[in-house]
Number of protein chains: 2
Amino acid sequence: MRIVVATCQIDYAGRLTAHLPSAKRVLMLKADGSVLVHSDGGSYKPLNWMSPPCTVQEDLTVDGQMEWTVTSKTDDTLRIVITEVHHDSSHDLGIDPGLQKDGVEKHLQELLAEHPATLHDGLSLVRREYTTAIGPVDLMCRDSDGLHVAVEIKRRGEIDGVEQLTRYLELLNRDPLLTVKGPVRGIFAAQLIKPQARVLAEDRGITCALVDYNLLRGMDDPSERLF
Amino acid sequence: MRIVVATCQIDYAGRLTAHLPSAKRVLMLKADGSVLVHSDGGSYKPLNWMSPPCTVQEDLTVDGQMEWTVTSKTDDTLRIVITEVHHDSSHDLGIDPGLQKDGVEKHLQELLAEHPATLHDGLSLVRREYTTAIGPVDLMCRDSDGLHVAVEIKRRGEIDGVEQLTRYLELLNRDPLLTVKGPVRGIFAAQLIKPQARVLAEDRGITCALVDYNLLRGMDDPSERLF
DNA sequence: AGATGTATGTCGCCG
DNA sequence: CGGCGACGTACATCT
C-alpha cells in the first residue's frame, strides 16, 4: 500500500467521463494495482478510483510534472497529474484475515429455519431455499393443519419483497402437490416492515411477522457462536 | 485528514455486527469525523467504516493500548483497538472543488431530446419526462406518420429497462388520445444493449437503438460545454 | 423528512 | 463467465 498526499488534477474516462480540478488530495495505491482518490469529506466512496485488475504507469510530463496513468482491462483510464507531493510512503500490510459478519439476511434465515414456530404457532420447516422456476423461496413450511406456508425473509420489509412473495405464491398455488390440503399461504417476515409494505401484504392475504433478532439469537445455541 | 497505519482489531455494531481480527491496516480519519478502515485489497470499499456525522473518542486501555471509539448519531459504534502504530500523519486538504461528471443518463436524455431523429428517421419530440401514473417516460415522440413513440433511455440497456418500457407502453396504449392514429411504439435507447435485453425487446416489438454518445456530443452546441 | 430512481455501484452465490 | 439479489448499499432529486 502506497499513500501519497498530493496536489493533483484528475481525468477519468470509462463508463462516464469525469474531471477533478487541481486540489490537494489523498491517493491510495493498493497492492493489487487499484487506485483510490480521497478528499477530506464525503463518505467512504472515493472521488475517483480504478478497480482492480489495473496497472499504474508513472511518467514525467515535459514540464516536469509527475503523471500517473491507470488503465483497466476494460479500457477505462484514470489520468492523475501531480503538481506537488506533500507526502509519500509505502507500507507492507500483508493479507487481511477478512471480515466476520453477523446479522444479515442469511443469518436471519438460518435462525428462522431453526425456529419457524416463532413466525406462527405450530409452523414447521419443510425446506430452506425451496427452489421454484422463478427463484428460491426462503422457507417452505407447513402449519399444524398440514397446509403449506411460504416465508419470505427480509431485514427491512418493503414493497418489492411483498411483490416477490406474491410471485412465488402465484406459482406455488398452481402446484397440485403443494395444494392438496388447501392453498399455500404466505408469511412476510422482517425485522422492520414499512407501512406501505404491510398494507399491500395484508391486502393480498399475506401475514406480516416482525422478527426479533436478539430474541432469536438468544434461543440459538450460544456455543455455536464466536461472539 | 489523518492517516494511521496500525496493527489493530476492530468491532462494529450497527445494522449488523462485524469483527476484524488483528492485522496491519490503514485507518483514514476525515475532517468531518468519518473513519475508513482499508486493507491492501478489495476495491474502493473499506473493510469497515463510519459515515459522518460521527465522533471519534481516543482512549488508552488498562494495558496501554490505544483504543478509538467511533459513534454515530444512530448509535452505531466502531471500536478500534490499536496494538502498534506504524505510521501517523495529518494533512490539511482544504475543501475539494468537487467532481464534474459527464455522460450519465440525464445527460444522454438531454442530448437525445435535442436530436430525436438520431434514434429513428423523422422522429420529433413531444415532451421530455412525459408523466404517467406509473412514472415518467423519458421521451415521448411522434414519427413522420404522426404515431406516438415512447423512448426509454439507459446508459446500459438491460432487461429491467425493457420491462420498464413495456409497462409504460401497456399503459400508454390504453390512452385513446395517444392511439388515435395507431398504437404507441417503443424505442429502447442505450449506449450498450445486452443481448438478453435486445432479445426481450425485439420479442415484444420494441425497437433497439444504440446511442453514439460522442457523436451526439459533437452535434451539440460546443459553446455550452465546459470541456 | 420520506419516497423514488440511479450508480464508474460492489459483493457474493449459483448455474 | 454471466445472471440475479442483497447491501451497514450511498446518493441525488423531488414531493
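Just so we're on the same page: letters track the sequence lines, and every chain starts at 1. We use all heavy atoms of the structure for the numbers below, so side chains are in, but hydrogens, waters and symmetry mates are not. Nothing here was measured: the structure is a model prediction, and the numbers come from that model.
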Check the distance between [N]'s [atom2] and [X]'s [atom1] and give it to me in whole angstrom.
{"X": "A/Glu110", "N": "D/dA6", "atom1": "CD", "atom2": "P", "answer": "16 Å"}
{"X": "B/Lys30", "N": "D/dA10", "atom1": "NZ", "atom2": "P", "answer": "14 Å"}
{"X": "A/Glu152", "N": "D/dA6", "atom1": "CD", "atom2": "P", "answer": "7 Å"}
{"X": "A/Leu36", "N": "C/dT10", "atom1": "CG", "atom2": "P", "answer": "11 Å"}
{"X": "A/Lys106", "N": "C/dG12", "atom1": "NZ", "atom2": "P", "answer": "11 Å"}
{"X": "A/Gln109", "N": "C/dG12", "atom1": "CD", "atom2": "C1'", "answer": "14 Å"}
{"X": "A/Ile153", "N": "D/dG5", "atom1": "CD1", "atom2": "P", "answer": "17 Å"}
{"X": "B/Lys154", "N": "C/dT8", "atom1": "NZ", "atom2": "C1'", "answer": "16 Å"}

Given D/dG8, D/dA6, C/dT8, the nucleotide with the shortest approach to the side chain of B/Asp76: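 Selected nucleotide (nearest to the side chain): D/dG8.
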Output the residues of residues 40-51 of chain B in contact with DNA chain C, where contact means a heavy atom of the residue under 4.0 Å from an atom of the strand; sort by number or write none.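 Heavy-atom cutoff 4.0 Å gives B/Ser43, B/Tyr44.
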Please convert DNA chain C into dot-bracket. A pair counts if it is Watson-Crick or G-U wobble with both distances under 3.5 Å; crossing pairs go in [ ] and bases paired with another strand get |. |||||||.|||||||
Thinking salt bridges, do [X] and [Y] make one under a 4.0 Å N-O criterion?
{"X": "B/Asp96", "Y": "A/Arg25", "answer": "yes"}
{"X": "B/Lys154", "Y": "B/Glu152", "answer": "yes"}
{"X": "A/Asp11", "Y": "A/Arg79", "answer": "yes"}

Between B/His38 and A/Lys30, do the side chains contain a donor N or O and an acceptor N or O under 3.5 Å apart?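 Indeed, the side chains of A/Lys30 and B/His38 share at least one donor-acceptor pair under 3.5 Å.
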Side-chain H-bond candidate by donor/acceptor type, B/Asp59 with B/Gln57, under 3.5 Å: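 Short answer, yes.
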Could you check A/Ser90 against A/Arg2 for side chain to side chain donor-acceptor pair (under 3.5 Å), going step by step and ending with a plain yes or no? CA-CA 4 Å; A/Ser90 293; A/Arg2 182 174 169 197; 4.7 Å; no
From B/Tyr168 OH over to B/Tyr130 OH, what is the distance, rounded to the nearest 0.5 angstrom?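 The OH atom of B/Tyr130 is 12.5 Å from OH of B/Tyr168, to the nearest 0.5 Å.
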